[in-house]
Amino acid sequence: MINFSEMEQKWQKAWADSKIFEVEPNDKPSFMVFAAFPYVNTPLHIGHLRTYAIADTLARYERMRGYNVLFAMGFHATGTPVLAFAKRIKNNDMEIIDELKMFHIPEEEIAKMVDPEYITDYFSKTGEESFRISGLSIDFRRKFISIEPFFSKFVEWQFGKLNEQNLLVKGRHPVGWCPNENNPVGMHDTKHDVEPEIEEETAIAFKVEGEDAYLLCTTYRPETVFGVTNLFVNRDSSYVLCTIDDSQKKYYISKESSSILSYQFKINVIKEVSGKELIDKTCINPVNNSKVPVYHGFFVKPSTGTGVVMSVPAHAPFDYVALERLKKEGIPVPVPIPVLKLNATQNQSQLKEIKEDIPLAKAYLDLLGVSDDASEEAIESVTKLEYKEESRYGVMIVKGYENMPEPEARERIREKLLSDGNAIKVYLLANAPVYCRCGAEIVVKIVDDQWFLNYGDEAWKAKVREHLKSMRLVPEKTRSEFEYTVEWLSLRAVARAQGLGTRFPLDQRYIIESLSDSTIYPAFYTISHILRNVEVEKLRPEFFDYVFLGKGDIDSVSKSTGIDYDVIKRCRESFDYWYRNTSNHSGSDLVQNHLTMYIFNHVAIFPKEYWPKQIVTNGMLLNEGEKMSKSLGNIVPLKDGISQYGVDPLRIYSVANADIYSDEDFSVSAVKGIQERLDYIYNACMNLDSLGSGELKPIDYWLYSKLSKKIESATKSMDDLSYRSAYQSILYDSILELKRYFARGGNNAIVVKDFLTSVVLMLQPVAPHFAEEAWHLLGNNTFASMEKWPESKKDLINEKLEKLEEAIDSTIEDAKMVIGLMERKGKKVSKVGIIIASKWKYDLYNKLAEYKDQSKVLAELGKEVSSEVASKYLSQLSKGHTELSKLESGEEDEFEEFTDAAKYISSILGKEVIIEKEENSKSERASRAMPLKPSLDLS
RNA sequence: GCAGGGGUGGCAGAGUCUGGCCAAAUGCGGCGGGCUUAGGACCCGUUCCCUUUGUGGGUGCGUGAGUUCAAAUCUCACCCCCUGCACCA
């Protein structure tokens, strides 16, 4: 068995010593590969390997195809995670400490991780180490961390460029907010890690009759405003009359909501009233001026929305039930007014029959058997079903909106209400209540002085859309997701109050948000190693303008910045050379944010020739069907995985075992299977000396034919990044072919060496250490990593021979089956007769293939066979509709090939084998022989 | 809800774009056999059902319908699963 770790260390050292992956511009075409920044506070586990292994496979392949390839990497450290990490260590949080111990991080190191700087330092070092032992062909000189001062200079320049184009805007934005701590809250700041889900709702104003005031109702379904029969308030709650923002209108809303909404609006309370007082009032429906009374709604919660609800008993189970309960109290209640019906033609709702005279809300209550006095949960479930089905099958019956599907009507009516000034937008927490870790209940706040990057800018979007069309996306099916994201991105907040990173140039109080500072970072790889020797203060905008945009000239830039002429020149040349042909690699989860922003920012900042060319995304590596996660404790640290299985088997597994886009499951037995296959190839290389020499036999040509085809198809697959199918053929199939070659009597050292040489070179991109080792075993002394990808020799492809060999295999299969049957029946088989079809059968076969018409073939029949026999044969051939194609081999070829293979067949079957021609055979089964399907006679 | 991906044999996972050579690659697992002191490794056979001196038939690729001489593959509807939905890396 190969000692993987010994072998891997040997070649990693050799690559590092020879600096073959430290690249500079030369006269070859360039190709630059980079993979998403790993975040610097997590040790790498085998789940991380996949993206990098795929990127490296591409890098190594393109290198073999004649490109000068740069593979670069760096680390991401901006934002709050590193700070949060340090805080947790400081608080002696055992969860995180145990996790670090799982990665074998010594306690004394963990102790030092109270210092953020130490964290980034430690993980960037160990991270690099992990990349090195993964055999990635990275130019490590260019590594940087996103919080290094020289990178900040670059980000400042980037934001300057965005600002020049007016893409940075200041505005309002709703966020989850803790009123106690006065801080925005994300998922990580809440109890039980719930994401505060902010929902935009409509609040419709109903004028109070005879009073200069409105009742403000929040609703999810503005389209039902036409069906409002009354309003509901809670008679036991307190309400206030107030103004909202600068409007002159006065509104009644619940007291609780007035304080919740005060984070969104300027609310000025005029007076407090009780719910009871409101019940005496009558309101006017803004859409049809109908008079609607105000009732007590048992389900109305003052903390939800505005604490005022519009009642649509025809379509809302709660409203219907509330009115029924009031009826029992002897209060006269209104008749439901329907606004939509279920579309009869498409209706697949759970309602078995729809009775026109029963309100849908009632129909759904009956369907689920929920009575008027049921629990709120029960009514809630009816509501869910009804809303879902009405939204799917419902069409409006309201005048002016007839037959309009419900979702469309909802939007239209909402827009109308807003533009007429009859409604206002409010934000609610959809999953309220959500609590901050401090215990306070979270509200929605609108922050005013937030800076945004305006991805909604139409001109910008248009450029992105256009460029996206020309980009290569792998796999292609991610395109629709990109397109969707381009449309969906609008304002993105780019300034944060806390965290590591670059100060926001337009307001020094803020830090640039951490996804926004890493959108064009790959460009920095082209010059980062050069800038290591330049003082940070010298990296003024005009330097970057020249390097990335070609603005100005070296002399003046050199004068104003103090940077050496040659350094500037070298930077410009390096960027211009490397950044034209790039491939960005990442996990598929980044399509919706980072990767799309990557395109946006490039398009905004760089000249067109440097825009992104290719994005490759891959699925996750799972462990036993579960995402590898700290909480599940199923993480295999990368270093452990490598020392246990060897990095090459892991690389092959993560690159070639599954379709690139789908998630794959980590399987120890599959990795072992790969080790064994590498071992087989390794041994084959070792044992070349024991093979013979001499003239080439058919089986040698067969192997050459297989090899040539393999190179051809593998090359195509590699070009398509279909690594799975490429390595299926390069690794798995090659071994099956070699095994068959030897079994079939192949024994030619030169042929096998040619075969292995190509296979080993083709393995180089995924299994570089192994390939180097095998390459040297085969007598070479160069680096396989720098060799050329093998060329297919088309003239060695021999379909005829392959068909004949296939015929031999299928004959063996048939014989095995029949022997099995006979022996099960107690008949002993000692001899297998293989009878090759007569020449005339080949002739007729070819004619039929050509004419596709039996009668035409029969018309030309010669004397060697009766028309009766011939037509029977022909009809057998045309059985099934598969088209026949002309045979390349004839009777003689087949006879010779089978004769040659007799020993092979005999050895597999364990029986004596006799090959004969149909015309020479005395067997009664002889006539059953067909071209490439000899008849069998067992005795 | 919106968007994206997916549902194939005991399991994993190809095949779907470009319909036929697909009872469906490959791997794992199971079973039987060989080798071995034994285990591992390795090698051979087998792994939907029926039938058979053969290359035949049936059922079958989430469910239902359709197109076609022919459907895992194309069309439509439905059901189910996974992922993402923003200021968070």
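Quantities reported herein were computed from a predicted structural model and do not represent experimental measurements. Chain letters run A, B, ... following the sequence lines, proteins first, then strands; residues in each count from 1.
Comparing A:Asn593 and A:Leu491 by the nucleotide of RNA chain B whose heavy atom lies nearest to each, the residue mapping closer to the 5' end is A:Leu491.
Residues forming a side-chain contact (heavy atoms from CB on, under 4.5 Å) with A:Gln592 (at least two apart in sequence, or on another chain): A:Glu481, A:Thr485. Under the side-chain contact (heavy atoms from CB on, under 4.5 Å) criterion, A:Lys710 pairs with A:Ser729, A:Asp733, A:Ser734, A:Glu737, A:Phe755, A:Met762, not counting sequence neighbours. Partners of A:Leu500 according to the side-chain contact (heavy atoms from CB on, under 4.5 Å) rule, which considers only residues two or more places apart in sequence or in another chain, are A:Val82, A:Leu83, A:Ile147. In this view, A:Lys445 satisfies the side-chain hydrogen bond (donor to acceptor under 3.5 Å, both in side chains) rule with no residue, not counting sequence neighbours. Looking at residues two or more places apart in sequence or on another chain, you find a side-chain contact (heavy atoms from CB on, under 4.5 Å) between A:Ala493 and A:Gln450, A:Phe452.
The separation between A:Tyr484 atom OH and B:C85 atom P is 12 Å, rounded to whole Å. Rounded to an integer number of Å, the gap from A:Lys672 NZ to B:A41 P is 8 Å. Between A:Glu513 atom CD and B:C87 atom C1' there is a gap of 6 Å when expressed in whole angstrom units. For the pair A:Gln450 CD and B:A86 P, the interatomic distance rounds to 15 Å; values are reported in whole Å. Rounded to whole Å, the distance from OH on A:Tyr653 to C1' on B:G27 is 10 Å. Here the P atom of nucleotide B:G5 and the CZ atom of A:Phe482 are 13 Å apart, to the nearest Å. Straight-line distance from the CZ atom of A:Arg492 to the P atom of B:A86: 10 Å, rounded to whole Å. Rounded to an integer number of Å, the gap from CZ of A:Phe504 to P of B:C87 is 17 Å.
Among the nucleotides B:G27, B:A86, B:C87, the one closest to any side-chain atom of A:Ser490 is B:A86. The side chain of A:Glu481 lies closest to B:G4, out of B:C85, B:G4, B:C87. Residue A:Gln592 places its side chain closer to B:G84 than to any other of B:G84, B:G27, B:G13.
B:C2 is paired with B:G84 under the Watson-Crick or G-U wobble criterion, all donor-acceptor distances under 3.5 Å. Under the Watson-Crick and G-U wobble criteria, each requiring two contacts below 3.5 Å, nucleotide B:U16 is left unpaired. The partner of B:C76 is B:G64, by the rule that a Watson-Crick or G-U pair needs both atom distances under 3.5 Å. B:G40 is unpaired under the Watson-Crick or G-U wobble criterion, no partner having all donor-acceptor distances under 3.5 Å. In a base pair of the Watson-Crick type (N1 to N3 plus N6-O4 or O6-N4) or a G-U wobble (N1-O2 and O6-N3), with each distance short of 3.5 Å, B:C11 is matched with B:G27.
Straight-line distance between the C1' atoms of B:U63 and B:G84: roughly 28 Å, to the nearest whole Å. Of the P atoms belonging to B:G7 and B:C74, the separation is 12 Å, rounded to the nearest Å. When the C1' atom is used for both B:A71 and B:C17, the distance is 15 Å, rounded to whole Å. Atom P of B:G66 sits at a distance of 25 Å from the matching atom of B:G9, rounded to the whole Å. Here, B:U68 and B:G57 have their C1' atoms 23 Å apart, quoted to the whole Å. Rounded to the nearest Å, the gap between the C1' atom of B:G29 and that of B:C78 is 35 Å. With P as the reference atom, B:G62 and B:G6 are 13 Å apart, rounded to whole Å. To the nearest whole angstrom, the two C1' atoms, one in B:G58 and one in B:U51, are 10 Å apart.
A tilted orientation is assigned to the rings of A:Tyr723 and A:Tyr727, their planes being inclined by 30° to 60°.
A:Tyr645 has its ring centre no less than 6.0 Å from the ring centre of A:Phe4. The six-membered or imidazole ring of A:Tyr510 lies away from that of A:Trp451, with a centre-to-centre distance of 6.0 Å or more.
Judged by distance alone, with hydrogens and angles left aside, the side-chain atoms of A:His315 form no donor-acceptor pair with the main-chain N or O of A:Arg221 at under 3.5 Å.
Contact annotation: A:Arg677 side-chain N/O to B:G27 OP1/OP2 distance is under 4.0 Å.
If you check every strand for non-hydrogen atoms under 4.0 Å, A:Thr80 touches sugar and phosphate atoms only. At a threshold of 4.0 angstrom between heavy atoms, the contacts of A:His594 with the nucleic acid are absent.
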Distances for protein N/O vs nucleotides 42-45 of chain B N/O pairs under 3.5 angstrom?
from	atom 1	to	atom 2	distance (Å)
B:C42	OP1	A:Glu676	OE1	2.7
B:C43	OP1	A:Lys739	NZ	2.7
B:G45	OP1	A:Lys816	NZ	2.7

